[in-house]
Amino acid sequence: MSLNKNGIAKRIAQELQNGFYVNLGIGIPTLVANYVTPELEVEFQSENGVLGMGPFPLAGEEDADLINAGKQTITTLPGASFFDSATSFGMIRGKHVDLTVLGAMEVDQTGAIANWKIPGKLVKGMGGAMDLVASADNIIVAMMHTDRHGNSKLKTKCSLPLTGVDCVKRIVTNLAVIDIIEDGFLLKERAPNVEIHQIVKATEGVLIIPENVKEMELN
Amino acid sequence: MITKTVENISRALEGIKSGMTLMLGGFGLCGIPENLIKVLANSTYSEFTCISANVGVDDYGLGLLFKEKKVKTMISSYVGENAEFERQMLSNEIEVILTPMGTLAEKCRAAQMGIPAFYTPAGFGTEIAEGKEIRTFQSKKYILEEAYQADFALIKAWKGDHAGNLIFRGTAKNFNSIMTGAAKTTVVEVEKLVPVGMLDPNEIHTPGIFVDRIFQGESFEKRIENLTNSSPQ
């Protein structure tokens, strides 16, 4: 059975390591914070200008001066800090942020990503996505393997306007964990009870299938 | 001591004219110069080029400028959440220049710091890079982006003193502290204007040298755009 959005977030949470500063994008990436074990020392950054984000506030405790990049009200944890948006992107460009997780409309086998614009549809802007993908060394894309119509989002070549090139290293979908290597998409793990042929069918780009592909451990 | 205080908001906006380029602090509805925006929306001036991270909502924040058709060109990073803006964009009533958020921030900071241009990797290989100079440093490609040239920076700070020293609060610092001093004239509205000596020099975020005019904002609604709560466990 393929994963739902929470399952994808749960698998990505396993990528977080002690001491990591992490930037989570809007959508599935935001859910990753729900699966971080309390023993792990990590801090969440939001690009408008905060490090050390905590959970959303309880009703009545919200503060108009405390939001994340999705404009949601937030809280801070002990050790948090605030800074201007240029400093925030300095943390990102300067590779001080250890992991970036973001969503995508398409990723291709060269590591290019498209997630901000669909020609002919309303364009709302790229926000911080172009800065994030151009700067971070460690980028994980969280997305469904196919779109609503069943078309693969793992392409030979992105067809939508690009957000960045040569940047995505790992993709976690409802079907699989996939790394991008020189020759294409390398299948690392399959979701519980998902057969390899399902992943092959849902992947447009070159899929490299090693002899042993382990099943994701999601406990 | 050099005093930056002006007695009212009309004095604060003296010299503003139609067609000027304005920087407006804030991200979403957080930390926007809401008093200055209201006055501009009700003024006779228009045809502004505005530089701001977002475009407000229909009836509040920057949205008021679109509602009153004051904007000719909008330079922004993300322009969702405002139906009237969307209508004007789709009918080509306004020109929209979308810019990566980190680049937008750095173009403000560069203007503030007297740096004419800088290289950034953001947007390399995308349509943002079209027509821009590309250079390679340590085998990575970067695009050249220029500092903004603006006439007025409209800023919101939490506390300020008569010398123009500023303290921001929470994530309302965002673009405010980097737009301060980034335009020919910087105007700041504060929630709390205090006499000099009341702010600890160790705690100042932005020194008064970057500020031209400061005034006590009349009222602050500080609307929340996307209220998100946790449920009690």
Side-chain angles (χ1 to χ4, degrees), chain A residues 30 46-50 53-76 80 82-93 112-114 116-117 122-136 161-167, chain B residues 27-31 53-54 76-81 86 89-90 96 98-110 112 120-128 140-142 158 168-178 205-206 220-232:
Chain A
T30 307
S46 196
E47 58 268 31
N48 53 321
V50 54
M53 266 192 297
F56 298 122
L58 295 172
E61 292 180 8
E62 56 273 355
D63 181 337
D65 289 334
L66 271 187
I67 64 168
N68 64 17
K71 284 127 193 171
Q72 293 170 301
T73 43
I74 56 161
T75 59
T76 53
F82 301 116
F83 34 86
D84 64 75
S85 305
T87 302
S88 189
F89 281 96
M91 292 173 187
I92 292 161
R93 247 186 265 108
I113 176 172
W116 75 284
K117 184 175 182 179
L122 184 71
V123 180
K124 292 187 170 180
M126 68 292 283
M130 285 192 180
D131 308 270
L132 282 159
V133 301
S135 308
L162 296 176
T163 308
V165 293
D166 197 20
C167 53
Chain B
F27 177 83
L29 302 181
C30 179
N54 309 110
S76 187
S77 175
Y78 182 82
V79 297
E81 287 43 275
E86 206 172 294
M89 175 168 74
L90 291 172
V96 180
L98 293 170
T99 306
M101 186 173 157
T103 299
L104 195 142
E106 197 62 17
K107 282 162 80 86
C108 295
R109 201 188 73 92
Q112 177 193 49
T120 176
F124 172 75
T126 76
E127 62 186 54
I128 297 304
K140 188 174 164 117
K141 298 222 168 66
Y142 295 80
W158 178 39
F168 301 93
R169 187 171 176 278
T171 54
K173 187 181 279 177
N174 55 50
F175 286 81
N176 281 302
S177 67
I178 50 176
H205 293 144
T206 301
F220 290 93
E221 180 185 340
K222 295 179 72 170
R223 194 186 291 185
I224 290 173
E225 184 167 354
N226 189 353
L227 177 64
T228 309
N229 291 122
S230 294
S231 42

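Throughout, protein chains are lettered first and strands after them, A, B, ... in sequence-line order, and every chain is numbered starting at 1.
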What part of [X] is in contact with chain A, defined as an atom under 4.5 angstrom from a non-hydrogen atom: side chain, backbone, both or neither?
| X | value |
| --- | --- |
| B:I128 | side chain |
| B:R109 | side chain |
| B:K107 | neither |
| B:L90 | side chain |

(request) Pick one of side chain, backbone, both or neither for A:T76, based on which atoms fall under 4.5 Å of a heavy atom in chain B. (result)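 Contact with chain B: none, neither part.
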(request) Side chain from CB out, backbone as N, CA, C, O: work out which of these in A:F56 comes under 4.5 Å of a heavy atom of chain B, or both, or neither. (result) both
(request) Could you pull out all residues at least two apart from B:F124 that satisfy ring-ring contact (aromatic ring centres under 6.0 Å, His included)? (result) none
Please check if the side chain of [X] supplies one atom and the backbone of [Y] the other of a donor-acceptor pair under 3.5 Å.
| X | Y | value |
| --- | --- | --- |
| B:S230 | A:P55 | no |
| B:T171 | A:D65 | yes |
| A:R93 | B:G102 | yes |
| B:N229 | A:P57 | yes |

(request) Between chain B and each of A:G49, A:G127, A:A129, count heavy-atom pairs under 4.5 Å; write down the option with the most. (result)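 Of A:G49, A:G127, A:A129, A:G127 has the most heavy-atom pairs under 4.5 Å with chain B.
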(message) Counting heavy-atom pairs under 4.5 Å with chain B, which one of A:L162, A:T73, A:V50 comes out on top?
(response) A:T73
(request) Please report the closest heavy-atom contact between A:F83 and B:K173, naming both atoms and the distance. (result) C-CD, 3.6 Å
Taking every heavy-atom pair that is under 4.5 Å apart, which of [options] has the most such pairs with chain A?
| options | value |
| --- | --- |
| B:G28, B:P121, B:G125 | B:P121 |
| B:G31, B:G80, B:A53 | B:G80 |
| B:H205, B:E81, B:E106, B:E127 | B:E127 |

(request) Please list all pairs passing the side chain to side chain donor-acceptor pair (under 3.5 Å) test where one or both residues lie in residues 123-135 of chain A, with sequence neighbours left out. (result) none
(request) Report yes if some heavy atom in the side chain of A:W116 is under 4.5 Å from a heavy atom in the side chain of B:L98; otherwise report no. (result) yes
